[in-house]
Amino acid sequence: MESPTPNTTIRSPVDQTLIQEILEVVEQAAIASARLSGKGLKNEADAAAVEAMRKRMGAIQMQGRIVIGEGERDEAPMLYIGEEVGSGTGPGVDFAVDPCEGTNLCAFNQRGSMAVLAASDRGGLFNAPDFYMKKLAAPPAAKGKVDIRKSATENIKILSDCLGLSADELTIVVMDRARHKDLISEIRATGARIQPISDGDVQAAIACGFAGTGTHCLMGIGAAPEGVISAAAMRALGGHFQGQLVYDPAVAQTSEWADMTKEGNLARLAEMGISDPDKVYEAEELACGEHVVFAGSGITDGLLFGGVKFETDCTRTSSLVISNLDNTCRFTNTVHIKDGAQSIALN
Ligand code: VTB
């Protein structure tokens, strides 16, 4: 006898239900760390976001896996790389998370901190090592035309042509770091304007994907894991994003790497299976899954959305979900009503 056809609908691991839950994950993380913003408590703000993110993820029916998180298991108690999240049944979903991107910005209540994550089907996000990454982000009109292998001068000329803007109408975001001294001089020599940022290059990268943000390009070196989250958003937006790992401490110029050597870092990369350390990764390689979703919720006010607002009767969050599932960007304002609330103002 023929066995009956099982009544199971195979759904994409990343569907609209999951997307709604993912939105709630970043909202909860943003609210938790916003309670600590401005207190100068960087680690505490991060820990609060991590805990809230993990708790909300636990309620999602999925077999979730952290591929980019707070670090290796021994250094991160929660949301460590390889950690399984979710209910343990349901579709397999990979996550790259940064529960409090721009922790310094959050700790000192400055613009641009947000809770972010990228989600994809299994294997859809590059397991970026905890290294630095040279990044180039630009608007969709310049996608595939600017190139991280070209000089800043050449890329600014291309950007200018693609966007129909003169150099002095372009704004290039660069993290304010010693390692960018020459890059900043080169950009200034082209006539383009620099927007220095102290932290938070994920927001700057994604802002390049939208017209009207006043941000035309991100150049320079930031953290590699966050590069994957930026790439996921930019892939779904059709914007340009490329990344190249940085392994030479002389290039990274960071106190974080005081004890590292170039040779040692190259050996670490080889151990991780990265055979070509100079490879240029395209957005579509960093976030290669069939379905890729980015979700971010503001902790403090930023370029893309506002931060958390605590009010008498409610808490408000502002978020953005970008999905290649249905080619949408959803800007969401959520009112989280408090127990015993009297009335909620319209806005
Ligand atoms: C941070 C952070 C960025 O890169 O600066 C970090 O603000 C690494 O740079 O948003 P430093 O070690 O020089 O501070 C990001 O996390 C993301 O790329």
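Keep in mind it's a predicted model, so treat the numbers as computed, not measured. Remember, it's 1-based here, ligands and their atoms both numbered in the order they're listed.
With sequence neighbours excluded, the residues satisfying ring pair (Phe, Tyr, Trp, His ring centres under 6.0 Å) with Y281 are F126.
The shortest heavy-atom contact between I229 and A118 is CA-CB, 4.3 Å.
Near ligand 1, E101, Y132, K135, M175, R177, R179, D199, G200, D201, G222, A223, E226 each place a heavy atom less than 4.0 angstrom from the ligand.
Taking the six-membered ring for Trp and the full ring otherwise, the centers of W257 and F131 sit less than 6.0 Å from each other.
Between the side chains of S120 and H291, no donor-acceptor pair of N or O atoms lies under 3.5 Å.
Side-chain heavy-atom separations under 4.5 angstrom define the hydrophobic clusters, and the remaining members of the one that includes I158 are L136, V146, I148, I156, L159, L163, L165, L170, I172, V174, L183, I184, I187, I194, M219, V280. M175 forms part of a hydrophobic cluster together with V173, I197, L218, judged by ILVMFWY side-chain heavy-atom separations under 4.5 Å.
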